Amino acid sequence: MRKFDDNWVISPQDLVGELECSHRLDLEWSVLNNLIDPPVKKKSDQDELLTELGVAHEAKIAESLRAAGSFLDIGKPSFTPEALSVAHERTLKATTTGVETIYQATFYTGD
């Protein structure tokens with residue numbers, strides 16, 4: 001979750017967070033609004049391994065989807081209104097041209 005001017009941009013991760021624990025989303029919002037301090041995060045070997053394995057798993061799934069049919073990787077746009085708008089337009093175009101898998105689809109209306 002981030003903010004441009006007075007508009008909040010919600011990510012899929014935020015939506016999952018809300019479904020798993022609405023209090024977590026409330027806490028993250030409170031940190032972003034400087035109402036509370038962010039938690040202290042400690043890096044561990046286990047966290048790094050879990051991240052590495054998660055990235056490898058996602059890449060493997062994406063590769064199998066790419067091999068199975070039409071596939072478009074939107075990519076991860078920089079977090080600017082302009083870049084998100086371009087990624088949004090690419091996503092919408094892919095939905096109307098019959099692309100079977102849209103990886104990293106982006107939906108952004110600016111409001």
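Owing to the predicted nature of the structure, the values given are computational and were not obtained by experimental measurement.
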Salt bridge (Lys or Arg N to Asp or Glu O under 4.0 Å) filter on E20, not counting sequence neighbours, yields R24
Rounded to the nearest 0.5 Å, the CZ atom of R2 sits from the CG atom of L32 at a distance of 9.5 Å
Side-chain donor-acceptor pairs under 3.5 Å in residues 68-84, sequence neighbours left out?
from: S70; atom 1: OG; to: E100; atom 2: N; distance (Å): 2.8
from: D73; atom 1: OD1; to: G75; atom 2: N; distance (Å): 2.8
from: T80; atom 1: OG1; to: A83; atom 2: N; distance (Å): 3.1

Indicate the atoms forming the closest heavy-atom contact of L92 with T95, along with that distance. O-OG1, 2.6 Å
Is K93 atom NZ crowded by more than 12 heavy atoms from other residues, nucleotides or ligands, each under 6.0 Å away? no
Calculate, to the nearest 0.5 Å, the distance between atoms CH2 and CD belonging to W29 and E18 respectively. 13.5 Å
Cut-off 3.5 Å, no hydrogens considered: what does the side-chain donor-acceptor table look like for residues 8-16, sequence neighbours left out?
from: S11; atom 1: OG; to: Q13; atom 2: N; distance (Å): 3.3
from: S11; atom 1: OG; to: D14; atom 2: N; distance (Å): 3.1
from: S11; atom 1: OG; to: D14; atom 2: OD2; distance (Å): 3.1
from: D14; atom 1: OD1; to: M1; atom 2: N; distance (Å): 3.2
from: D14; atom 1: OD2; to: M1; atom 2: N; distance (Å): 2.7
from: D14; atom 1: OD2; to: S11; atom 2: N; distance (Å): 2.9

Please write out which residues are connected to L53 in a hydrophobic cluster, directly or through intermediates, given that two of Ile, Leu, Val, Met, Phe, Trp, Tyr count as joined at side-chain heavy-atom separations below 4.5 angstrom. L49
Whichever hydrophobic residues join V31 through chains of side-chain contacts under 4.5 Å: L27, I36
With R66, which residues qualify under side chain to side chain donor-acceptor pair (under 3.5 Å), at least two apart? E63
